[in-house]
Amino acid sequence: MKRSNKAAVFLVFFLGVSFFSEGSPAQAPQPARTSTVVKAEKFYRTELYFGWSKPDGTLVSDDEWKNFLAQTVTPRFPDGFTVLTGSGQYREKTGRIVTEPSAVVIILYSSSSKKESRAKIEEIRTAYVKRFDQESVLRVDLPKTVRVSF
């Protein structure tokens with residue numbers, strides 16, 4: 001091939017490669033962009049700690065606990081709550097240390113229902129103490145609101 005023919009072939013090859021590769025470099029597909037904004041609401045959180053040992057030496061049974069939740073807690077917080085079970089330790093008024101099965105009920109409630117919800121929580125505590133002859137139900141109120149997204 002003559003020198004000018006080589007140059008022409010090279011030029012055509014170069015321009016062709018430039019033309020076809022310029023607007024379409026190999027790229028990974030881009031994820032679809034969403035404009036969804038997650039709205040977080042302010043809620044208060046209260047934890048209630050329930051010991052299952054009764055003064056007569058028996059324990060609150062699973063059926064008794066389920067009935068208490070269904071009859072006392074659920075009607076006051078029908079939108080939901082969380083129950084965690086575990087083992088707790090408590091010093092009675094007599095000074096005796098009791099290790100017992102226990103449950104923690106976590107309740108989230110809106111800022112707008114704060115006063116009513118806290119009154120309902122006290123009703124739950126009072127009902128448990130009376131129903132199962134307990135000294136107390138520990139209550140923990142978080143001092144600040146938590147942000148919740150549904």
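Nearest heavy atoms, Ser87 versus Ser102: C-OG, 3.7 Å. When all heavy atoms are compared, the tightest approach of Arg76 to Gln71 is NH1-O, 4.3 Å. Considering every non-hydrogen atom in both Ala103 and Trp52, the closest pair reads CB-CZ2, 3.7 Å. Considering every non-hydrogen atom in both Arg139 and Arg118, the closest pair reads NH2-CG, 3.4 Å. For the pair Pro75 and Pro78, the tightest heavy-atom approach, listed with the atom from each and the gap, is O-CD, 3.7 Å. Closest approach of Tyr44 to Ser111, counting heavy atoms only: CE1-OG, 3.7 Å.
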Trace of the side-chain contact (heavy atoms from CB on, under 4.5 Å) decision for Asn67 with Arg131: CA-CA 11 Å; Asn67 287 336; Arg131 187 169 181 173; 3.9 Å; yes
side-chain contact (heavy atoms from CB on, under 4.5 Å) evaluation trace for Phe68 with Val60: CA-CA 10 Å; Phe68 179 78; Val60 174; over 6 Å; no
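Here the side chain of Ser117 pairs a donor or acceptor atom with the backbone of Ser113 at under 3.5 angstrom. Thr99 places no side-chain N or O within donor-acceptor distance of the main-chain N or O of Gln89, the cut-off being under 3.5 Å.
Phe81 and Leu138 end up in different hydrophobic clusters when Ile, Leu, Val, Met, Phe, Trp and Tyr side chains are linked at under 4.5 Å. Criterion: ILVMFWY side-chain heavy atoms under 4.5 Å apart, direct or through other members. Under it, Ile124 and Tyr109 are part of a common hydrophobic cluster. Residues Leu84 and Leu48 do not share a hydrophobic cluster, clusters being chains of Ile/Leu/Val/Met/Phe/Trp/Tyr side chains in contact below 4.5 Å. Both Leu69 and Phe77 belong to a single network of hydrophobic side chains, linked directly or stepwise wherever heavy atoms of I, L, V, M, F, W or Y lie under 4.5 Å apart.
Applying the ring pair (Phe, Tyr, Trp, His ring centres under 6.0 Å) rule to Phe132 yields the partners Tyr128; only residues at least two apart in sequence or on another chain are considered. Residues passing the side-chain hydrogen bond (donor to acceptor under 3.5 Å, both in side chains) test with Thr58, sequence neighbours excluded: Asp56. Every residue two or more places apart in sequence or in another chain that forms a side-chain hydrogen bond (donor to acceptor under 3.5 Å, both in side chains) with Lys54 is listed here: Glu64.
Using a 4.5 Å heavy-atom threshold, the side chains of Arg96 and Arg91 count as separate.
For the atom pair CG of Asp79 and CG of Leu108, the computed distance is 11.0 Å after rounding to the nearest 0.5 Å. The OG atom of Ser53 lies 11.5 Å from the CD atom of Glu135; values are rounded to the nearest 0.5 Å. Residue Phe43 holds its CZ atom at 14.5 Å from NZ of Lys114, rounded to the nearest 0.5 Å. The distance from atom CZ of Arg45 to atom OG1 of Thr145, rounded to the nearest 0.5 Å, is 13.0 Å. Atoms NZ and OG, from Lys66 and Ser61 in turn, are 9.5 Å apart once rounded to the nearest 0.5 Å. To the nearest 0.5 Å, atoms OG (Ser112) and CD (Glu41) are separated by 9.0 Å.
Between Tyr49 and the options Val140, Val105, Val137, a side chain to side chain contact (heavy atoms under 4.5 Å, CB included) holds for only Val140. Of the candidates Ile106, Leu142, Ile121, Thr46 forms a side chain to side chain contact (heavy atoms under 4.5 Å, CB included) with just one, namely Ile121.
Salt-bridge annotation for Glu122 and Arg125: present, with a side-chain N of the basic residue lying under 4.0 Å from a carboxylate O of the acidic one.
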